Amino acid sequence: MRIKSLALYLLEVRLRAPFETSFGLTDVRRTILVQVEDKTGEIGWGEVVSGNGPWYSYETIGTSWHVIRDYIAPEVVGKEMEQPRDFWSLRKIRGIRGHNMAKAGVEEALWDLYSRMLSKPLYKVIGGIRNKILSGISIGIKKSVYELINEVSKRLEEGYKRIKLKIKPGWDVDVIDKVRKAYPNILLQVDANAAYTLEDAARLKMLDKYNLLMIEQPLNFEDLVGHSRLAKELATPICLDESIKSPYLAWEALEIGACSIINIKPGRVGGIIPSIQIHDLCMKNSKGTWIGGMLETGVGRGHLVALATLPNIRYYNDISASNRYYEEDIVEPPWILNPDSTINVPEKPGIGVEVVEERVRSRTLKKLVIK
Ligand code: OSB
Ligand code: MG
C-alpha cells in the first residue's frame, strides 16, 4: 500500500450521561479520527483516545494533533508499505518517545486500510479466534449509592454480566459493601484510576471480602514497586491500566509481581502491534488479559473488538455497546449487545463497520488533510 493522504478530524461528541472517575468528569468528549487513503482510493480509519486535558495520561487532543501533524504524518504520507507492521520499522517513528495515543490512531488506521485492501476482517488479519467478544460495562462515580445501585440494576437488565465500578477515597468500601449486598453473585471489579497510595493498603485490604475479580490501578501510574508490595498484602488480584504504557513496562510489572492481570488499551500502548505484544507476553507468563476502553466512538471500538478476539483474552472487556455511550454512533451498524453479554465480531473487511460521513461532518470542529 502507498498512503496518498492522511486526514485528521477533530470531533466533539456528547456522552449520553457524564462519566466520572477519580481523575475527573467527562460529558463532552473530544476525539481525533484519523483517515488514511491508499493510492487505489481504499480508506482506513483509526481513533486517537487522548483526553481534553492531561489527566488519564500526559497526552491531550492538542499534543496528539501536533505530534501527528508534525512528526507522524510526514513519515507515512507518500510511503510505500507492505503492511502496517512496517510503521514500526520507520526510523523516525521509532524515534518518537511516548505519544502512544497519537501513534495508535495512525497505526490503527493503517490496519483498517490494510485489511480492507485484503478484503478480510481485521480480527482475522491479526490472528483473532472468536466471532463474539465478552462485553462488560464500566460504571462511573455517582452522586449517591442509591443512584449507583439503580444504574447497576439497569445495566444488568440490559444484559451486561460483568460490572466494573469506579472507586476513589471516600467512594469505596461502603459503596462496594452495599452493591455486593444488593447483588451477591454478579461478576464485579473495581477501578481506582491511581487514586490511592501504599498508606491506604489497610483500606484497600477491606475490599478483599467482596469477591472482586480484580482491583484496577489502585496506586500512582509510576509506582510499579508500590503495586508489587500491595499485591503481597491483597488477596484480590491487581490489574494495571495507566502504568502499562509499553511492552517493556508490561514485562517489568510482571517480573516484579506488580500485577497479575493487564488491561490492554491500544491507545495507551501505541496501537495494534504493541497490544498484541503485551497480549503474547501475558500468555507466555500464564497471565490473563482483557481489552479496556476509553469511551471510543464506533471507530476506536472496532479496533477494540478485533483485539478482544485474541486467544489469551480471558476476562470480560470494557467494550460496551454504542448506545451505552452515545445517542447516535458515527458508524453503521452501531455496536450492539447480545442478551448473553457479548458483541458480535463483524466478518466484513477491516473493522467491519462504516463511518457515516454526514455524522462525522456535523461533529467536526476542525479538519486537516496532509498530502
Ligand atoms: O480507567 O478504564 C479506565 C474511561 C476513560 C478513561 C479511563 C477508563 C475508562 C473506563 C471506561 O473505565 C471504559 C469504556 O467503557 O470505554
Ligand atoms: Mg482503568
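We count ligands from 1, going down the list as the structure has it; atoms in each ligand are counted the same way. When reading the values below, keep in mind they use all heavy atoms of this one structure, side chains included, and skip hydrogens, waters and symmetry mates. Please read these numbers as outputs of a predicted model, since none were measured by experiment.
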Note to self: Taking Ile137's backbone N and O only, do any of them form a donor-acceptor pair with Arg324's side chain (distance below 3.5 Å, no angle check)?
What the structure shows: no
Next item on the list: Measure centre to centre between the rings of Trp65 and Tyr9, then say whether the value is under 6.0 Å.
Entry: no
Notebook entry, point to check: If you round to the nearest 0.5 Å, how far is CG of Asn100 from OG of Ser50?
Noted result: 11.0 Å
Margin query: Tell me how many protein N, O or S atoms are within a distance shorter than 2.8 Å of the Mg ion (ligand 2).
Written below: 3
Notebook entry, point to check: What pair of heavy atoms forms the shortest contact from Lys166 to Asp191, and how long is it?
Noted result: NZ-OD2, 2.7 Å
Notebook entry, point to check: Do any N or O atoms from the side chain of Asn52 and from the backbone of Thr60 form a donor-acceptor pair under 3.5 angstrom?
Noted result: no
Next item on the list: Walk me through it: do Asp318 and Arg162 pass the test salt bridge (charged side-chain N to carboxylate O under 4.0 Å, His left out)?
Entry: CA-CA 9 Å; Asp318 273 353; Arg162 186 281 268 152; 2.9 Å; yes
Margin query: Looking at Arg30 and Val13, would you say the former's side chain and the latter's main chain have a donor-acceptor pair under 3.5 Å?
Written below: no
Note to self: For Lys39, is the NZ atom crowded, meaning more than 12 foreign heavy atoms sit under 6.0 Å from it?
What the structure shows: yes
Using a 3.5 Å cut-off on N/O to N/O, what pairs does ligand 1 make with the protein? A line per pair would be great.
unit_1	atom_1	unit_2	atom_2	d
ligand 1	1 (O)	Lys166	NZ	3.0
ligand 1	1 (O)	Asp191	OD2	3.0
ligand 1	1 (O)	Asn193	ND2	2.7
ligand 1	1 (O)	Asp241	OD2	3.1
ligand 1	1 (O)	Lys265	NZ	3.4
ligand 1	2 (O)	Lys164	NZ	3.0
ligand 1	2 (O)	Asp191	OD2	3.4
ligand 1	2 (O)	Asp241	OD2	3.4
ligand 1	2 (O)	Lys265	NZ	2.9
ligand 1	12 (O)	Ser138	OG	2.9
ligand 1	12 (O)	Lys164	NZ	3.3
ligand 1	12 (O)	Lys166	NZ	3.0
ligand 1	15 (O)	Tyr325	OH	2.6
ligand 1	16 (O)	Met294	N	3.3
ligand 1	16 (O)	Leu295	N	2.8

Next item on the list: Flag yes if more than 12 heavy atoms outside Lys209 fall under 6.0 Å of its NZ atom; otherwise flag no.
Entry: no
